[in-house]
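What follows is one structure encoded as structure tokens, with my remarks underneath.
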Amino acid sequence: MNNWIKKPVTKAEITPICDKFNVSQILASIFIRRGITTGNDILYYLENDLRFQHSPFMFSNMEDAVERILQAKEEGEKVLIFGDSDVDGITSTAILYEHLKRMEIDVQWRLPLLDDPYGLSMHAVDDFAAQQGTLIITVDCGISNYDEIRHANDLGIDVIVTDHHNPPEELPEAIIIIDPKTSDSGYAFQDISGAAVAYKLVSALRFTESDFYNAEICLFDITEDSENNCYNIDCLKIRNLVKVKELHEKIIPGKTSIYDLKLPYFLQGQLIYVWDSASTKKILSDIFGSGIEFNLNDLRNEVSKVIPALARKTTAQLQQLSLIAKYIENENSVINSLFNLYKTYCQKIIASKTPEQLQDERKDLQLVALAALADIMPMQNENRIFVKNGIASIKTDRPRPGLAELFNKLKINADTVNSTDLSWSVIPSLNAAGRMGKSDLSLQLLISKDPKEREQLANTIFDLNEERKELVAQAIYKIHEPAEKSLQEYEGKLCITVDSDINQGVTGIVASRLMQDFNVPTLAITFSDDICVGSMRSCRGMIATDFLDSFGDFFINHGGHNCAAGFSFHANKLETFISTAKKIVSQITLQSESNIIEVDAELPPEYISPEVFELQDTFEPYGSENSELLFMTSGIKLCDAMVVGKKDPQHLKLTFDTGKFKIPAMFWGQGERLRKDIIVGQKYDILYNMSKNYFNGLVTNQIIIKELISSSK
């Protein structure tokens with residue numbers, strides 16, 4: 001237990017969080033231990049509402065992308081969506097393709113198949129040009145396709161890149177790039193999936209169908225500051241529900257002339273909204289005289305038609321009612337309360353006029369949730385909103401066509417599905433088709449209108465996943481020993497395995513398995529037709545794309561994320577690749593390993609109650625950068641134990657006595673310890689996660705033991 005560490009947290013740290021966000025002391029302490037201390041971070045654990053996601057028009061190029069797509073519709077152009085073969089690429093393609101079809105655009109899709117390289121290919125560009133196509137939209141790829149996009153330009157084809165991978169130093173010459181990781185993206189959160197980027201583009205396209213698209217308004221507020229004998233003026237220009245420009249000025253009555261202010265120029269030609277036009281006009285008249293007239297519109301009258309409860313509220317009361325102001329410190333001003341209220345008002349208007357858009361959005365979010373989990377996006381910020389709402393849609397709206405058939409084949413209960421089910425069952429199945437060179441099958445499953453075809457595709461995809469498992473098992477069996485030996489060649493900092501028997505589609509899985517076994521960054525490489533293709537999985541602080549970038553212009557293509565990347569190069573360069581890697585490795589410093597286990601909270605036995613189990617709901621969905629809650633309890637009595645397992649009994653089913661409750665527990669793979677160091681009637685110190693067990697329609701709380709030692713208590 002010496003390495004089970006609970007970081008100390010003081011009452012002075014806990015109390016402000018409890019008071020401000022109305023949470024329990026134990027939840028506040030967990031937030032602090034996990035570094036979740038700002039309102040902007042806490043927001044995404046306590047709130048699920050979609051209005052807390054970021055506006056698609058925060059992307060600096062989003063309006064240009066929307067206008068180019070609208071132009072393609074108006075002029076009857078042929079449009080190609082080019083995606084990737086993994087779950088993120090398939091879901092990205094499905095989201096955008098279905099919406100462009102709804103817009104009645106002449107759209108087609110294409111994915112890499114069989115041995116096609118990653119990303120947009122010359123062949124795909126040429127094929128599309130032969131059809132007189134004029135617009136390509138890449139999804140989940142494109143940011144590294146410099147040559148292919150230049151070739152498209154030469155053929156008179158415009159390219160819009162929507163991607164989320166790390167951008168190269170020199171960006172491709174696409175007419176528009178939407179990637180949250182580019183330096184000028186303008187977007188508030190970098191780490192969203194490719195499907196989320198496609199979803200943002202679709203959200204922006206949906207917004208164009210409303211009366212608010214490209215509408216510019218200016219919110220205006222004037223507040224008396226009696227302490228300083230002045231008035232504060234706040235103005236905010238808004239376009240497409242995004243802040244465009246702000247102005248903040250002070251006016252001293254009798255001293256400040258209207259001509260001393262920037263205000264007249266800021267307001268010129270603007271549609272100006274204030275909360276209470278009558279009182280605001282009176283204040284302005286008292287300050288500047290009746291000779292200067294402001295053309296003000298009353299926002300309260302408009303908003304109260306949609307939200308009647310606000311008809312008599314003052315701006316001070318609006319601030320108190322503002323939910324987001326509780327989380328975002330700079331949102332406490334009246335002008336920001338008005339901004340958030342205006343966004344809510346517009347969203348309600350749009351929802352009332354186009355309810356079918358909300359249904360489509362919920363279906364899209366099921367796919368965005370899958371992509372976030374599949375691409376191991378950090379379960380922070382709006383990714384949490386995506387996954388929560390995607391899973392909620394699966395449960396309440398039922399799985400969308402395609403997913404429904406796959407759920408049925410995998411025997412997944414939609415009523416109880418969670419992020420773990422999606423990560424361990426659904427995502428590997430959808431990925432299997434792409435790994436086996438048949439990514440089009442998974443995409444067809446998601447977009448087909450024919451129930452019989454979807455059922456057949458679900459069966460085929462299930463079989464492909466079984467085949468994929470066998471290929472991985474065979475590859476790992478063959479290469480594990482030489483892969484381990486390679487550690488010596490790379491100073492124990494890197495594992496590189498090269499074998500032509502590794503199926504190209506499973507190099508990523510093989511690299512991931514070896515990385516987990518050896519705890520060092522790993523590259524798995526295969527080759528055929530004079531081309532080497534590989535995947536890299538990284539850990540311990542090494543950024544995968546930085547490592548590959550250090551090879552210069554060696555690759556045919558390469559790219560990816562911090563922890564996962566892909567690459568290809570000519571097979572006659574293999575020896576050069578190996579020798580270069582051995583030189584580079586001397587410059588690599590990996591983060592040191594630690595055997596310290598940091599726990600989220602220590603619970604006395606009597607505190608393990610049904611209420612405490614609700615904590616896990618706050619932190620769901622779990623995933624990257626948001627691991628399952630880890631607790632420890634000392635001196636808890638084991639009152640029952642048995643070995644379980646259908647085919648191979650090797651797991652322990654335990655029951656602990658908290659004094660008030662009997663808590664069931666599972667200890668996986670530890671059956672041989674029963675009656676050796678695990679004895680009924682004795683007390684133990686336990687390290688565990690909290691969980692729910694679903695059986696025959698019943699839901700019961702249980703704990704999953706990670707470690708158990710005899711207690712000295």
Side-chain angles (χ1 to χ4, degrees), residues 49-52 55 57 206-225 231-249 251 258 261 263-326 328 331-355 357-358:
D49 200 304
L50 283 170
R51 65 193 168 114
F52 294 115
S55 167
F57 289 99
R206 289 189 180 118
F207 189 73
T208 65
E209 298 173 28
S210 75
D211 296 333
F212 304 105
Y213 177 59
N214 279 351
E216 293 186 3
I217 73 158
C218 182
L219 295 176
F220 178 96
D221 179 67
I222 182 166
T223 307
E224 184 177 8
D225 181 354
Y231 286 89
N232 294 321
I233 282 184
D234 298 297
C235 300
L236 182 60
K237 286 183 182 178
I238 302 168
R239 180 182 172 90
N240 292 326
L241 304 190
V242 171
K243 296 178 183 179
V244 175
K245 198 171 183 181
E246 298 183 45
L247 177 69
H248 308 281
E249 292 191 296
I251 298 174
I258 188 71
L261 301 172
L263 183 66
Y265 308 101
F266 191 88
L267 297 180
Q268 188 173 7
Q270 295 293 308
L271 182 64
I272 307 167
Y273 275 95
V274 297
W275 184 245
D276 183 342
S277 59
S279 63
T280 304
K281 284 179 180 178
K282 184 177 185 311
I283 293 171
L284 292 171
S285 179
D286 291 343
I287 296 172
F288 298 118
S290 57
I292 298 175
E293 192 169 331
F294 290 81
N295 185 19
L296 306 179
N297 297 278
D298 199 298
L299 183 61
R300 181 163 61 181
N301 287 342
E302 292 296 319
V303 170
S304 60
K305 295 174 185 176
V306 179
I307 314 174
L310 300 181
R312 298 182 181 277
K313 300 296 182 185
T314 64
T315 51
Q317 290 171 322
L318 287 182
Q319 282 184 276
Q320 293 176 343
L321 291 171
S322 175
L323 181 59
I324 197 165
K326 179 172 74 172
I328 314 299
E331 297 289 309
N332 289 322
S333 68
V334 170
I335 201 70
N336 280 312
S337 294
L338 292 179
F339 170 62
N340 290 312
L341 179 59
Y342 178 72
K343 287 197 298 182
T344 301
Y345 159 75
C346 293
Q347 289 162 357
K348 284 184 175 292
I349 291 284
I350 294 169
S352 66
K353 290 184 176 180
T354 54
Q357 282 195 3
L358 290 179

Hey, what do you get for [atom1] ([X]) to [atom2] ([Y]), rounding to the nearest 0.5 Å?
X: I238; Y: F57; atom1: CD1; atom2: CZ; answer: 14.0 Å
X: Q320; Y: S337; atom1: CD; atom2: OG; answer: 10.0 Å
X: Y345; Y: I350; atom1: OH; atom2: CD1; answer: 10.5 Å
X: L321; Y: K326; atom1: CG; atom2: NZ; answer: 12.0 Å
X: I222; Y: L284; atom1: CD1; atom2: CG; answer: 5.0 Å
X: R51; Y: K348; atom1: CZ; atom2: NZ; answer: 8.0 Å

Measure from the side-chain N and O atoms of [X] to the backbone N and O of [Y], and report whether any donor-acceptor pair falls under 3.5 Å.
X: T280; Y: D276; answer: yes
X: S285; Y: K281; answer: no
X: N297; Y: I272; answer: yes
X: R300; Y: L310; answer: no
X: T354; Y: A351; answer: no
X: S210; Y: R206; answer: no

Verdict with supporting geometry, T223 and D225, side-chain contact (heavy atoms from CB on, under 4.5 Å): CA-CA 6 Å; T223 307; D225 181 354; over 6 Å; no
If the plane angle is over 60° it's perpendicular, under 30° parallel, otherwise tilted; pick one for Y273 and Y342. tilted
Ring geometry between F294 and F288 (parallel below 30°, tilted from 30 to 60°, perpendicular above 60°): tilted
Heavy atoms only: give me the nearest [X]-[Y] pair and the separation to one decimal.
X: R239; Y: N214; result: NH2-OD1, 3.1 Å
X: D211; Y: A215; result: O-CB, 4.2 Å
X: S55; Y: V242; result: OG-CG2, 3.3 Å
X: T314; Y: W275; result: C-NE1, 4.1 Å

Could you check if a side-chain atom of [X] sits within less than 4.5 angstrom of a side-chain atom of [Y], using non-hydrogen atoms only?
X: L323; Y: D49; value: no
X: L219; Y: I217; value: yes
X: L236; Y: K243; value: yes

Stepwise side-chain contact (heavy atoms from CB on, under 4.5 Å) test for L267 and C218: CA-CA 7 Å; L267 297 180; C218 182; 3.7 Å; yes
Evaluate F52 against I324 for side-chain contact (heavy atoms from CB on, under 4.5 Å), listing each step before the verdict. CA-CA 8 Å; F52 294 115; I324 197 165; 4.1 Å; yes
Show your reasoning for whether side-chain contact (heavy atoms from CB on, under 4.5 Å) applies to L263 and L247. CA-CA 8 Å; L263 183 66; L247 177 69; 4.1 Å; yes
Within 45° cone of F266 ring axis and under 6.0 Å: K237 NZ or CZ: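 Satisfied, under 6.0 Å and within 45°.
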With a 4.0 Å cut-off on N to O distance, would you call K305 and E302 a salt bridge?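 Yes, this pair counts.
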Going by side chain to side chain contact (heavy atoms under 4.5 Å, CB included), D234 matches just one of N336, L338, I335, V334. Which one? I335
